[in-house]
Amino acid sequence: MGWKSLDDMDLSGKRVLVRVDINVPVENGRVTDTTRIERIVPTIHDILEKGGKPMLIAHFGRPKGKVSLDLSLAQVLPALQSALDRKVRLIETLEGAEHLTQEAAEADVLLLENIRFHPGETANDPEFAQRLAALGDVFCNDAFSAAHRAHASTAGIAALMPSCAGRLMQAELSALEAALSKPERPVGAVVGGAKVSTKIALLENLVNRLDVLVIGGGMANTFLGALGADMGASLKEEDFYDTACDILAQADKAGCRVILPADGLVAREFAAGAAHEVIALNADTTLDADQMVLDAGPASIDTLRTAFKELKTLIWNGPMGAFEIAPFDTATVAAAKLAAERTQSGALISVAGGGDTVAALNQAGVAEDFTYISTAGGAFLEWMEGKTLPGVAALEGASG
Ligand code: AMP
């Protein structure tokens with residue numbers, strides 16, 4: 001934990017540049033999900049309470065270094081003001097930030113217009129980072145979800161001024177360090193989702209760190225196919241059978257137990273309410289050419305119940321089946337509830353994140369019951385892959 005938090009910084013009378021991720025979904029000019037905005041509120045409040053003046057730096061969409069009015073942060077301003085319960089002033093240009101008007105200087109909170117309007121941002125141009133750094137006295141990075149990018153406002157700037165993690169970044173890093181760097185053992189993971197090909201690095205890293213790895217979803221079909229099963233029309237990647245075998249061999253060598261589904265819900269069409277049957281799954285399974293496994297079955301859920309009882313720490317990424325179409329959400333929902341119950345009883349530390357995972361846990365109604373749910377997609381996955389995140393590394397090597 002080589003980074004500093006807001007508690008380590010003297011902010012009285014200081015201009016604090018705060019990198020936030022408020023890249024929220026907007027429809028017809030209105031924010032449809034304010035989760036990311038709500039999560040930065042504690043940081044801004046703490047900075048104000050410590051006598052600092054926050055200037056928020058954020059991106060919105062992918063303007064590719066050009067000013068594009070439909071990607072203006074003006075759309076996010078009303079939701080931001082209401083979450084902070086304060087007036088926020090949008091500063092449209094860097095020149096405007098360098099020469100603040102009287103009115104802007106008096107505002108509680110400033111928001112710099114979409115930082116990706118400037119080509120120097122994604123290029124991590126040192127001169128651009130220097131220009132940004134000159135706008136403040138302290139840098140506070142609260143955008144864990146952008147920390148896998150080496151951009152000027154996420155990485156470059158931290159080397160140029162006293163820097164610290166904001167409250168959300170601090171919570172993300174603490175939760176992930178507790179889950180993966182020095183977990184309470186035994187530690188396990190549920191890794192589900194569509195494809196092995198997108199999660200090879202992640203699986204390779206996890207088998208060397210975990211005691212138990214549960215593989216679910218379409219990925220499990222690829223593993224079962226690799227072991228010799230004929231998976232019919234199931235989602236699977238035959239080109240990755242060798243990779244799946246390698247991962248199983250690595251797990252074996254590292255002493256990580258891999259749990260594949262012992263049975264599945266099998267249908268002949270990918271549709272909500274499709275007729276289905278429970279079929280045992282193993283290396284000898286032979287499905288009809290039009291049959292597909294869309295979810296794990298009841299015996300698999302029983303295995304998970306037993307496995308979870310042994311675990312002290314659980315990491316979760318990806319659904320156990322095609323959870324968007326009932327009843328093929330059954331295993332995902334059941335497993336999520338089991339993990340939530342163990343967490344609530346104090347027996348388990350549970351950390352979830354990445355892509356569809358948050359949606360799946362919301363669907364199970366247990367998002368509040370996990371120890372920590374990461375709002376970061378790509379950054380969470382890269383962390384699980386064991387990669388160094390440039391935004392975090394920059395905080396660790398920051399100047400003060
Ligand atoms: P990912 O983005 O890799 O986490 O994959 C999530 C997607 O995988 C979701 O849209 C699920 O519907 C899909 N999925 C999971 N299991 C299956 C399965 N057995 N058959 C088809 N799709 C699946």
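In this chain, numbering begins with 1 at the start of the sequence shown. Computation of the quantities below employed the complete heavy-atom set of this structure, encompassing side-chain atoms and omitting hydrogens, waters and symmetry-equivalent molecules. Just follow the structure's listing: the first ligand is 1, and inside any ligand the first atom is 1.
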In terms of side-chain geometry, is the basic nitrogen of Asp46 or Arg167 positioned less than 4.0 Å from the acidic oxygen of its partner?
yes
Does the distance from a Lys or Arg side-chain N to an Asp or Glu carboxylate O, for Glu95 and Arg131, drop under 4.0 Å?
yes
4.5 Å side-chain heavy-atom contact, Lys53 and Val16
no
of all protein heavy atoms, closest to atom 10 (O) of ligand 1 is Glu324 OE2, 2.5 Å
Under 3.5 Å between some N or O of ligand 1 and some N or O of Ala194?
yes
Nearest non-hydrogen protein atom to atom 15 (C) of ligand 1, with distance, is Gly321 O, 3.2 Å
Is Arg185 atom CZ crowded by more than 12 heavy atoms from other residues, nucleotides or ligands, each under 6.0 Å away?
yes
Under-4.0 Å salt bridge between Glu204 and Lys387:
no
State the atoms of ligand 1, each with its element, that fall below the 4.0 Å cut-off from a heavy-atom position in Gly217.
15 (C), 16 (N), 19 (N)
Would Asp288 and Arg268 pass as an ion pair if we require N to O under 4.0 Å?
yes
Please indicate whether any nitrogen or oxygen in Val293 is less than 3.5 Å from any nitrogen or oxygen in ligand 1.
yes
Which of the listed options, Asp329, Leu235, Leu294, holds the heavy atom that is closest to atom 23 (C) of ligand 1?
Leu235
For Phe328, state whether at least one heavy atom is located under 4.0 Å from any atom of ligand 1.
no
For atom 4 (O) of ligand 1, what's the nearest protein heavy-atom neighbour? Residue, atom name and distance, please.
Lys199 NZ, 3.4 Å
Cation over ring, Arg39 on Tyr372, under 6.0 Å and within 45°?
yes
Any nitrogen or oxygen of Gly218, main chain or side chain, under 3.5 Å from a nitrogen or oxygen of ligand 1?
yes
Can you pull out the closest protein heavy atom to atom 6 (C) of ligand 1? Residue, atom name and distance to 0.1 Å, please.
Asp356 OD2, 3.2 Å
